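Beneath this line is the structure, given in structure tokens, with notes to follow.
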Amino acid sequence: MSDIAKLQIGEKTYEFPLVKGTENETAIDIKALRGATDGVITIDPGYKNTGSCQSAITFLDGEKGILRYRGYSIEELAEKADFLEVAYLLIFGELPTKEQLDKFYADILDEAIVDDDIKKIIDAFPKNAHPMGVLSSLTSALTAFNPSSVNVDSEEDMYKAIVKIMGKFPVLVAWTLRKKQGLPLHYGSRKLGYVENILTMMFQKPNDEYELNPIMINALDKLLILHADHEQNCSTSTVRIVGSSHAGLFASLSAGISALWGPLHGGANQAVLEMLEAIKEDGGDTKKYMGKAKDKEDPFRLMGFGHRVYKNFDPRAKIIKKAADEVLGDLGVEDPILDVAKGLEREALEDQYFVDRKLYPNVDFYSGIIYRAMGIPVEMFTVMFALGRLPGWIAQWREMRLRKEPIGRPRQVYVGENLREFVEIDKR
Ligand code: CMC
């Protein structure tokens, strides 16, 4: 293939260079388009064909169902690494040595304290506030208690900001749950690992010991790894674009949390479980809901199915489906919801509508079932997704700042009124 693309507009032909990725992905570099053509731009709603950046963090091939963080396959990482190692890998580019990992965790623990005044903010939220709204606000509020902005030219400053948020975020996550349950706020312990601390901070009752269950630790570890990064999705693009205005790390993350909240993105895990519950309550007639999903007059969509980039299968869903079976078996939980889920999956995989559109179960189809078995309330599911995605957002924000990317500012094709004269209010 030649390394230029030719574009003909009217009589004129323009040439643009091709950019190649390390996995042979090809892009047309149209940086010069507008200048060279006297104002012509491209339009691509939903950015289905637009690369926003060059990135060395995550590779995914939606046709082949491949997902890799920094070159390591998701299957291998989920089996052999723990979440903190994966976080380090994503953010800094290499798997840590034992010493690097110990130091990383010790530095995180030093920062795993949240200013006590944050509790006043939590108290001001109504108990029924959605945990994602609370988490996004608290993350933004952290800015007020950690006023120095990050000097991105200083490795040390960058590192400090990273361990700060890696330390404080799980505390905020646990507090959003405890607030909902009316439990006193809780700090973990330096004696516990990262994921053990999360579980303890979430579940320890004020009058009881909390016995850590290795099945729960392993399941949560795996879920967090599977959610840790997914290249330029909606929330990650949000983090990068907010950060591109040189807004701080915490402010950028807070925006990412809001983007994740939507049911077409991270909010799907909550939506899946609510859908499965509704189908079960309605007598478990999966065929009826398959029909609704296919009916263009009906706004119902089969939540947990389909993906913008995976048009074969979502490799995370495969790992999670197996984990769901194991966790439910190990914990001795029998969940009728799982039968509804399996029934829907079976039917969808054989249904022409779903086959034609390459709609397969995605990561969130089974994650909620595991969270439920772990005793995590449904409204917290997307918060758990955010907890897993944190290192990915940090890595992407760091990469964007280190590469000194320009402020994100798309253009538009204006389709509104042409110039018209103002009409006084009594004449309208
Ligand atoms: N149920 C029924 N029909 C669907 C579904 C679904 N879940 N997803 C897509 N379709 C249909 C859609 O109606 C369209 O049909 P047609 O070509 O006849 O108009 C076709 O499939 C293509 O859909 P699309 O909306 O153009 O695809 P997209 O790439 O813009 O959307 C998606 C991807 C994930 C937003 C969408 O598949 C969806 O809404 N899925 C349900 C929500 C969900 O599970 N989201 C979690 C994604 S994984 C977690 C994450 O990374 O955020």
Side-chain angles (χ1 to χ4, degrees), residues 44-50 57-63 65-67 69 74 132 223-239 256-276 278-279 286-321 340-341 344-345 347-371 378 381-393 396:
D44 184 20
Y47 311 123
K48 291 189 178 194
N49 306 281
T50 297
I57 301 171
T58 289
F59 171 70
L60 74 83
D61 181 328
E63 272 69 36
I66 292 174
L67 173 62
Y69 298 159
I74 191 66
M132 282 298 276
L223 280 165
L224 296 180
I225 291 172
L226 294 179
H227 284 91
D229 196 49
H230 215 230
E231 53 118 298
Q232 308 311 317
N233 55 81
C234 178
S235 59
T236 302
S237 302
T238 302
V239 169
I257 296 166
S258 298
L260 185 73
W261 191 354
L264 298 191
H265 189 14
N269 55 13
Q270 174 174 345
V272 168
L273 214 92
E274 286 167 354
M275 174 191 79
L276 294 175
I279 297 176
T286 47
K287 287 210 163 50
K288 171 173 161 192
Y289 286 86
M290 290 288 294
K292 277 166 74 63
K294 294 187 280 182
D295 180 357
K296 292 288 170 206
E297 303 299 310
D298 191 325
F300 177 81
R301 276 195 166 195
L302 209 51
M303 300 313 287
F305 270 79
H307 199 277
R308 168 58 62 82
V309 285
Y310 291 122
K311 302 298 177 194
N312 181 333
F313 64 91
D314 179 342
R316 304 167 301 171
K318 265 196 173 174
I319 302 172
I320 276 199
K321 183 182 178 185
V340 178
L344 270 182
E345 183 183 2
E347 280 170 39
L349 292 181
E350 286 168 8
D351 190 287
Q352 210 51 47
Y353 173 98
F354 285 82
V355 172
D356 287 348
R357 289 167 182 75
K358 301 190 162 102
L359 301 171
Y360 294 88
N362 58 48
V363 68
D364 285 326
F365 192 62
Y366 282 105
S367 63
I369 291 170
I370 305 184
Y371 287 137
V378 72
F381 290 1
T382 315
V383 168
M384 302 310 289
F385 190 153
L387 188 60
R389 186 54 55 90
L390 179 69
W393 286 333
Q396 301 271 354

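Counting starts at 1 for both ligands and their atoms, following the listed order. On a predicted model such as this, the values are computed, not experimentally measured, just so you know. Worth knowing before you read on, the calculation uses all heavy atoms, side chains too, and leaves out hydrogens, waters and symmetry mates.
When the options Arg357, His227, His230 are ranked by their closest heavy atom to atom 18 (O) of ligand 1, first place goes to Arg357. Considering each of Lys296, Met290, His265, the one bringing a non-hydrogen atom nearest atom 19 (O) of ligand 1 is Lys296.
Looking from atom 47 (C) of ligand 1 to the surrounding protein, the closest heavy atom is Asn362 ND2, 3.6 Å. Considering only non-hydrogen protein atoms, atom 3 (N) of ligand 1 sits nearest to Tyr353 OH, 3.0 Å. For atom 51 (O) of ligand 1, the nearest non-hydrogen atom of the protein is His307 NE2, 3.6 Å. In terms of protein heavy atoms, atom 46 (C) of ligand 1 is closest to Ala268 CB, 3.4 Å. In terms of protein heavy-atom proximity, atom 28 (P) of ligand 1 is closest to Arg308 NE, 3.7 Å. Here the heavy atom of the protein found nearest to atom 39 (O) of ligand 1 is Arg301 NH1, 2.7 Å. The protein heavy atom nearest to atom 8 (N) of ligand 1 is Leu359 CD2, 3.6 Å.
Ligand 1 lies out of reach of Phe300, whose nearest heavy atom is not under 4.0 Å from it. Assignment of Gly46 to the shell around ligand 1 is not supported, since no heavy atom sits closer than 4.0 Å. Heavy-atom distances between Asp364 and ligand 1 reach below 4.0 Å in at least one pair.
In this structure, the side chain of Ser237 engages the main chain of Gln232 through a donor-acceptor pair within 3.5 Å.
Counting only heavy atoms from C-beta outward, the side chains of Met290 and Phe354 approach each other to under 4.5 Å. Considering only heavy atoms from C-beta on, Arg389 comes within 4.5 Å of Thr236 through its side chain.
Two rings, from His307 and Phe365, have their centers 6.0 Å or more apart.
By the 3.5 Å distance cut-off applied to N or O atoms, Phe305 is counted among the residues near ligand 1. Of the polar atoms of Val363, none of the N or O atoms is found under 3.5 Å from an N or O of ligand 1, judged by distance alone.
Set against the non-hydrogen atoms of Lys48, the atoms of ligand 1 under 4.0 Å away are 26 (O), 30 (O).
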